[in-house]
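Below is one structure, written out as structure tokens; the observations come after it.
Proteins get letters first, then strands, A, B, ... in listed order; numbering begins at 1 in each.
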Protein chains: 2
Amino acid sequence: MTDITALEPFRRLSETSHRLLAGGTVTHRFDAGRTIIEKGQDVSGAYFVLEGRLRVFSLLPGGKEATLYFIEPGETCVLALNSLFNDLLYPAWVQTDSDTRVAVIPGRVYRALFATEPDIQDLTVQTLSTLVFRLMAELDQVHGQTLEQRLAGLLLVRASGRGVVRLTQQEMASHIGTTREVVARLIGRLSARGLIQSGRGAVTLHDRHALSVLAGGQDG
Amino acid sequence: MTDITALEPFRRLSETSHRLLAGGTVTHRFDAGRTIIEKGQDVSGAYFVLEGRLRVFSLLPGGKEATLYFIEPGETCVLALNSLFNDLLYPAWVQTDSDTRVAVIPGRVYRALFATEPDIQDLTVQTLSTLVFRLMAELDQVHGQTLEQRLAGLLLVRASGRGVVRLTQQEMASHIGTTREVVARLIGRLSARGLIQSGRGAVTLHDRHALSVLAGGQDG
DNA sequence: ATCCATGTGTAGCTTTGGCTACAGATTCCG
DNA sequence: CGGAATCTGTAGCCAAAGCTACACATGGAT
């Protein structure tokens, strides 16, 4: 995936729109771990991830982080869209999770496309809707689940096929919005119960079923 | 405000769209305190509040509630829109807060309007965006604020001009997602510090400034 | 006048989670 | 090989918040 025009929603654009898009879009590449948008920043365009992954998170008092969601290749950063349409300031932080290429469509170009292209209208609504659901789910979790449950969920979601989760305790803590020590404690408990096995920079799952029951049974 | 066609976004519709809207829309009236949408329900249309107020909340383990936001006259329930466009199940509960009249536009009608009417497209995006920001703000709060801060915020937001908040402790608890006892304890503390005065079914604010500092200074 | 429903005020106990402070382990690099 | 950086494992303490259990107050209804 090398060009924004290769992305599904941009395939069926009219000739004019296509030229507008091609002329206005800028592609950036960022190294892993770079902060590319900060809270309160004035966002200038719609961001589409071409390669790599972006992590959107909010910053809690005391410097803790909590991951809200990821933006994968082919997806767009809705918060940016959002800021775009409302002239609001961006309400969170965005970092690259790995080396990432991003296409930025300037605000006025995107708005023009939105006005005339049904596919862009659908894409926009679709993307916003998806975000709303992700946020609702996240909110439910934060509200109602213990950290142990949230950790179990995280491990299940981030496990490779063979049940290995390549995250440090500090990273896990960031994702679920707590501190390293608490994660260590939780991992110690899960490990004592035989559900997982801890190692440097990674955790191995031994009983996914029990974990998913623990997490609240969203997953098989 | 008696008819949906009186609402701003529906004013400039084409003749065809107007007929479609008028023909397809159904108006309901609900008494205060009725649950009109439950979580997991399949939502059939776009809800617009004509009179009264709807409260959208999520249900936490143990039967606690947490208010996400309100829908005022002229506004629409975005979650419903959302479910509509994604064929997803509604992710929260909706109750009437007072006696309320609601116009329901069936899904297929709304989708048809969205496809052809710029005003509806804008309205949809605008509404979704607003919701995203409300949810982000709520998430930040839940994540990072103590219940005392959240209570202070609630009191400030819900106070009448003369500084009276007409809510029972149970209702306050529902709004901020905790239990009655905890609210009583918090009120006791605030009251001991002279910031408020408690009474049956109401609280009187004595020092808004101190409260807003406490809440984190979002408000004057 | 009494009773009942609703609302408020307290107290004590427990769990969860945050903070501090280390000690050991592993990896990387020079 | 040795040291620095990074990561993990524990322990203890404390505050926040949830749960249980009452006692008391208020207001409306009969």
Distance, rounded to the nearest Å, where [X] contributes [atom1] and [N] contributes [atom2]:
{"X": "B/Leu151", "N": "D/dG18", "atom1": "CG", "atom2": "P", "value": "12 Å"}
{"X": "A/Glu171", "N": "D/dT6", "atom1": "CD", "atom2": "C1'", "value": "12 Å"}
{"X": "A/Leu190", "N": "D/dT8", "atom1": "CG", "atom2": "P", "value": "15 Å"}
{"X": "B/Arg150", "N": "D/dG18", "atom1": "CZ", "atom2": "P", "value": "10 Å"}
{"X": "A/Met172", "N": "C/dG17", "atom1": "CE", "atom2": "P", "value": "17 Å"}

ask   = So, the side chain of A/Ser198 versus the backbone of A/Val203: is there a donor-acceptor pair under 3.5 Å, distance only?
value =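 Not a single qualifying donor-acceptor pair exists.
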
Donor-acceptor contacts under 3.5 Å from residues 154-166 of chain A side chains, at least two apart:
from, atom 1, to, atom 2, distance (Å)
A/Ser160, OG, A/Arg162, N, 3.4
A/Ser160, OG, A/Val164, N, 3.2
A/Ser160, OG, A/Val164, O, 3.3

ask   = Does a nitrogen or oxygen in the side chain of B/Thr178 sit under 4.0 Å from OP1 or OP2 of D/dG18?
value =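 For D/dG18, OP1/OP2 do have a side-chain N/O of B/Thr178 under 4.0 Å.
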
ask   = Taking atom types as modelled, is there a side-chain donor on B/Arg180 or B/Gln169 under 3.5 Å from an acceptor on the other?
value =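 Distance-only check passes for B/Arg180 and B/Gln169.
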
task = Check each of B/Thr96, B/Thr35, B/Thr67 against B/Arg55 using the side-chain hydrogen bond (donor to acceptor under 3.5 Å, both in side chains) test, and report the only one that passes.
result =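 The side-chain hydrogen bond (donor to acceptor under 3.5 Å, both in side chains) with B/Arg55 is passed solely by B/Thr67 among B/Thr96, B/Thr35, B/Thr67.
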
Ionic contact status for B/Glu138 with B/Arg150, cut-off 4.0 Å =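 The answer is yes: the pair qualifies as a salt bridge.
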
task = Heavy atoms under 4.0 Å is the rule here; annotate nucleotides 8-14 of chain C 5' to 3' with B where the base is hit, S where only the sugar-phosphate is, and - elsewhere.
result = BBB-B--

